Amino acid sequence: MRRLPKPRNSKDSHNVSSDDKTEVLAETTAEPNTVTFADLGLSEKVLSAVTDAGYTHPTPIQAGAIPHALEGKDVLGIAQTGTGKTAAFVLPMITRLEKGRARARMPRTLILEPTRELAAQVEENFVKYGKNHRLTVALLIGGVSFEEQEKKLQRGADVLIATPGRLLDHFERGKLLLTGVETFVIDEADRMLDMGFIPDIERIAKLIPFTRQTLFFSATMPPEITKLTEQFLHAPVRVEVAKAASTATTVTQALVKSNSKSWDKRATLRRLLEAEGAEIQNAIIFCNRKVDVSELFRSLVKHGYDAGALHGDMDQRARMAMLSAFRDGKLKLLVASDVAARGLDIPEVSHVFNFDVPIHSEDYVHRIGRTGRAGRTGKSFTIVTRSDTKYLDAIETLIARKIDWLDGDISTLAAVDTESEAPRSRGRERGRASSSGRGRRGSEQKAATAPKAAEPAVVEAETTAPAAEVEEKQSRRDAIRAENAERKARPERRHDEHKRSRDWRRDDDGPSPIGFGDDIPAFMLIEPPVKNVTQGE
DNA sequence: AAAAAAT
C-alpha cells in the first residue's frame, strides 16, 4: 500500500482547535487507514488516474479536504509541504472541471504559487491526475517567453497555474479575464506573505467573482494570514494536519563546528561529504546567499564532486535543467538557496547539509524537512561558526531540543588549531593538529569512510503535539532558552587565527566554467572530473 | 547577514 506523498506519523491529524468553524480531522471516529480514495467522492476518471499512480489511501489532509472541496465549499488547509497538500486540491478540482468547458481568455480555475518551481510542480500534478481528461493547463510564470502562455490563454484554459507577477502582467496586457474563475487556490500563503505578495494577491482576488470557491493553504497561521482568510474565505472548512515548528522523527540531526572563513567551511563540508561517503544517495546543500551558492558550487565541481546549483538569479532554463537532473538522479549534490527549502518535490533526499546556519529558525525546519520524507530516514548536518550561535540558539528553542555536536561544540574550536576540527572522532582530531604533511591527509581521507564514532541520536520531535505535549514542549523550550542564556554569559575563549594551513587556502576557486554563467551544471561538463583527484592536493 | 518574484 502506498500513500500519496508523505505518510507522517499518525499523530498528525490530532490537532485540536477551539475554532467553531473548524473541522478537526477526527481519527477518533475511525482507524486512519480505513479510508480509501474511493470513499471521497472523486469521479471515476480521477480515481483511475490515482489508482494508476499507485495510490490507494489518502493522507490526512486529502481525506479531510477533498470531500468538502468537491461540494464546492471553501477550505482552509493548514499543512506543511510533504503532507500531500497538492493532490488535496488538484483531485477535486479535476473532478469538478468535468462539468462545463473553458472559453477563450477565461480560465475556469486559478492557482497561485509563490515560486516558479512550485507552479511547475502543480502543473505536473494536473498532467498526472488529469490523464483521462482533456484539460488545458496554462503555466504562467516569469523567466520564460509570453508567446506560448498567450496562445494557451487564447485557446481557453481550464486551469491556470501562476506566480503573481506574471499573472498580473498578462492581465494588464489584456490577455486574460478572471471573471470566469470558479475555483481560486492560494497555496503556501505564509510564504507569499514573506515574499511580499499579499498586495498582489488581494488585487488578483478582486478580479475574481465573489461567488467563486476558494481553497486556501498555509503551513502556519500568523495574524496577517488569519486576516487574509477572513477576507477571502466564506464559511470555510478548516483542515489542519501538521505543526509548523516540528522536525520529522526520521531525520537525524547533527552540528559541525567550523571556522567562519569560507574556504574553511568548504573544507569542513568536503570532510563531511567524504565521511558520509556512499551513504549519500543525493543531498541538498543549503547556503544563505546566492553568491555563496555559486561559489560553493564551483568549488565542489572543481574538487570533482557531482554537483549542481539552484538559486533565483539563475536563468530559468538552467533552474529547470538543474532541478530535473537532480530529480532524475543525474546529479548527486544540489547546492541551493532557500528556493529549494520548501515545497519542491524532490523525493528521497538522503542528506541535507546546511553550509550556513539559516538566519530564520523556521527555515531550518523547512530545510531539513527535505530529507526523511515519506517515512524514510535522512541525515542532516549543519555547519556552525562562532557567529552563528545566536541563530543556533533560536533554532534549538524553536524545535525544543538540543542538537548533538558531531565532534565537540563550538567552544572546543578555540582550543585547537583552526584546521583541526575533524568532523568525527576526537582521537583523530588530535592527530590532525600535529600533522601538516600531505601524505598524511591522503590517508586521512580514506579513514573518513570508516564507521563514524559518534552517531547522533535520532530526533524525537513530534510532528504534531496534543495539548499535554504542547505544555511539555514549552517547558523544554524555556529550559533551552535559559541554558543558552547561561552559556552566553560565560567568557568566550579566544582562538588562534594565525595557524591556518596553506593547503586549505589553495582551495580558493579557479576559473569559472563558461556557457551557463556561474552555474554550469556539473553533469553537462564535457569531461566529468573524477572525485578525489584534486582532494589531496 | 537572505531569498523569492514582472521587466
Side-chain angles (χ1 to χ4, degrees), chain A residues 81 111-122 138-150 153 160-176 186-204 207 218-219 258 260-262 265 284-297 309-316 318-320 322-323 334-344 354-367 369-370 382-395 519:
Chain A
T81 50
I111 300 160
L112 292 182
E113 294 288 337
T115 68
R116 297 168 185 175
E117 276 78 10
L118 271 172
Q121 199 170 288
V122 172
L139 182 63
L140 306 188
I141 58 172
V144 292
S145 89
F146 281 86
E147 274 177 49
E148 207 180 317
Q149 297 178 357
E150 278 175 9
L153 287 175
L160 216 58
I161 306 159
T163 45
R166 183 55 74 97
L167 181 86
L168 285 170
D169 207 340
H170 278 289
F171 182 80
E172 279 156 16
R173 290 162 182 242
K175 304 291 178 191
L176 180 63
I186 299 162
D187 198 13
E188 305 257 336
D190 51 352
R191 198 163 174 211
M192 302 249 207
L193 173 74
D194 289 346
M195 292 165 68
F197 280 163
I198 299 305
D200 284 350
I201 289 167
E202 287 177 323
R203 215 183 126 201
I204 293 163
L207 305 169
S218 190
S258 174
S260 58
K261 289 279 182 269
S262 58
K265 290 177 82 172
I284 305 181
I285 304 164
F286 284 104
C287 299
N288 285 354
R289 289 177 304 186
K290 290 179 281 200
V291 282
D292 294 328
V293 170
S294 292
E295 192 188 33
L296 177 60
F297 159 71
L310 187 70
H311 65 72
D313 277 356
M314 282 164 58
D315 162 47
Q316 190 60 28
R319 274 168 76 163
M320 295 290 196
M322 210 65 86
L323 194 56
L334 185 67
V335 188
S337 68
D338 280 315
V339 219
R342 307 190 204 185
L344 291 191
N354 287 313
F355 187 73
D356 300 307
V357 177
I359 292 165
H360 292 303
S361 48
E362 324 86 68
D363 287 335
Y364 177 82
V365 179
H366 289 295
R367 286 180 182 187
R370 306 313 316 193
T382 300
I383 298 176
V384 183
T385 68
R386 232 177 234 92
S387 48
D388 292 327
T389 51
K390 65 179 171 198
Y391 301 117
L392 178 61
D393 289 352
I395 288 165
D519 302 295

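By convention in this document, chain letters (A, B, ...) are assigned in the order of the sequence lines, proteins followed by strands, and residues within each chain are numbered from 1. Predicted, not measured: the structure shown is a model, and the values here were computed from it.
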Given atom [atom1] of [X] and atom [atom2] of [N], what is their separation to the nearest angstrom?
X	N	atom1	atom2	answer
A/F286	B/dA3	CZ	P	14 Å
A/F197	B/dA3	CZ	P	15 Å
A/M192	B/dA4	CE	C1'	11 Å
A/R166	B/dT7	CZ	C1'	9 Å
A/H170	B/dT7	NE2	P	10 Å
A/R173	B/dA6	CZ	C1'	9 Å
A/L118	B/dA3	CG	C1'	14 Å
A/D338	B/dA1	CG	C1'	13 Å

Quiz prompt | salt_bridge(A/R289, A/D356) N-O dist < 4.0 Å | solution =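 No salt bridge links A/R289 with A/D356.
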Looking only at side-chain atoms of [X], point me to the closest of [options].
X	options	answer
A/Y391	B/dA1, B/dA6, B/dA3	B/dA1
A/T115	B/dA5, B/dA3, B/dA6	B/dA5
A/D363	B/dA1, B/dA5, B/dA2	B/dA2

Quiz item: Can a donor-acceptor pair under 3.5 Å be found between the side-chain atoms of A/H311 and the base atoms of B/dA4?
Solution: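 There is none.
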Quiz item: Cationic tip of A/R191 within the cone over A/F197's six-membered ring, i.e. under 6.0 Å and within 45° of the normal?
Solution: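 No, cation not above the ring by the 6.0 Å, 45° rule.
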So, is [X] close to the [N] phosphate, meaning a side-chain N or O under 4.0 Å from OP1 or OP2?
X	N	value
A/K390	B/dA1	no
A/R116	B/dA6	yes
A/T163	B/dA4	no
A/R289	B/dA1	no
A/S337	B/dA2	no

Self-check item: Under 3.5 Å: donor-acceptor pair, side chain of A/H311, backbone of A/D313
Solution: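 It does hold such a pair.
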Quiz prompt | Donor-acceptor under 3.5 Å (A/T382 side chain, A/V357 main chain) | solution = no
Quiz item: Looking across every strand, which nucleic acid part, if any, lies under 4.0 Å from A/G143 by heavy atom: base, sugar-phosphate, or nothing?
Solution: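 Answer is sugar-phosphate: A/G143 comes under 4.0 Å of backbone atoms only.
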Self-check item: Shortest non-hydrogen separation from A/M192 to A/P164 and the atoms involved
Solution: SD-CG, 4.4 Å
